[in-house]
Amino acid sequence: MGEQHHVTFPQEVIDEYAALGVDLVAMFSAGHLGNRIGVQIVEASADRVVGTMPVEGNTQPYGLLHGGASAVLAETLGSVGSMLHAGSSKIAVGVDLNCTHHRGVRSGLVTGVATPVHRGRSTATYEVVISDEQGRRVCSARLTCMLRDVNPGDAQYVQPKD
């Protein structure tokens with residue numbers, strides 16, 4: 001789970017954030033919690049964010065994928081999409097997450113795909129479908145993020161720490 005992984009962003013988005021001194025790829029590599037549970041973002045744009053997560057290490061006492069792990073994957077992917085939609089002058093903050101768990105998974109890798117439902121000036125909502133390796137839907141989630149202006153005090157959150 002600790003291996004390096006590079007996130008795919010459109011070059012113009014990387015350039016926009018680089019001009020502000022922000023290493024976008026490092027900032028959205030999944031975050032601290034996402035890294036601990038093995039989330040890897042493999043594709044990212046405002047139109048579609050794709051990420052994976054191993055089942056191993058993320059199970060509940062019955063040996064099934066933990067619903068909270070699915071929620072972390074969904075919130076990570078939806079937040080990245082919201083942030084890319086909002087642009088570098090805004091911060092995306094999750095305000096509502098709904099997850100419906102359809103089937104249990106005991107092993108392998110799950111893949112989440114986040115697509116926009118609504119992209120406005122002050123909120124963005126993404127649907128996230130999480131599937132197992134056979135393409136069967138494991139979880140359906142919906143995340144709404146508030147998009148707020150970046151304030152000077154937000155620099156610690158926008159700029160990745162060394």
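Contact check on R119 versus D47 returns a salt bridge, with a Lys/Arg side-chain nitrogen under 4.0 Å from an Asp/Glu carboxylate oxygen.
What you find for V80 and A44 is that their closest heavy atoms are CG1-CB, 4.0 Å. Considering every non-hydrogen atom in both V150 and S88, the closest pair reads CG2-O, 3.9 Å. The nearest pair of heavy atoms linking D132 to V110 is CA-CG1, 4.4 Å. Nearest approach of P54 to G38, heavy atoms of both residues: CD-O, 3.4 Å. Across all non-hydrogen atoms, the minimal contact from S79 to A92 is O-CB, 4.1 Å. A141 and C99 make their closest contact through CB-SG, 3.9 Å (heavy atoms, listed as atom of the first residue, atom of the second, distance).
At least one side-chain heavy atom of I41 sits under 4.5 Å from a side-chain heavy atom of L77. Between M53 and V72 there is no side-chain heavy-atom pair separated by less than 4.5 Å. Between R106 and L64, some side-chain heavy-atom pair lies under the 4.5 Å cut-off.
Going from atom CD1 of I130 over to atom CG of L65 covers 7.5 Å, rounded to the nearest 0.5 Å. Here R148 contributes atom CZ and T123 contributes atom OG1; the two are 15.0 Å apart, rounded to the nearest 0.5 Å. How far NZ of K90 is from CE of M146: 10.0 Å, rounded to the nearest 0.5 Å. Here the straight-line distance linking atom OG1 of T125 with atom CZ of R142 works out to 7.0 Å at 0.5 Å rounding. Between the CG atom of N58 and the NE2 atom of H66 there is a distance of 9.5 Å, given to the nearest 0.5 Å. The SG atom of C145 sits 12.0 Å away from atom CD1 of I91, with the distance rounded to the nearest 0.5 Å.
Under a hydrophobic-cluster definition in which Ile, Leu, Val, Met, Phe, Trp and Tyr are linked whenever side-chain heavy atoms come within less than 4.5 Å, directly or via other members, V138 and Y126 are assigned to different clusters. Residues V39 and L33 share a hydrophobic cluster, clusters being chains of Ile/Leu/Val/Met/Phe/Trp/Tyr side chains in contact below 4.5 Å. In the hydrophobic clustering of this structure, V117 does not group with V129; members are Ile, Leu, Val, Met, Phe, Trp, Tyr whose side-chain heavy atoms approach within less than 4.5 Å, directly or through other members.
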Quick one: do L147 and H85 satisfy side chain to side chain contact (heavy atoms under 4.5 Å, CB included)? Show the steps, please. CA-CA 9 Å; L147 308 176; H85 158 67; 3.6 Å; yes

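Under a cut-off of 6.0 angstrom, the local environment of CZ in R136 is crowded, with over 12 non-hydrogen atoms contributed by other residues, nucleotides or ligands.
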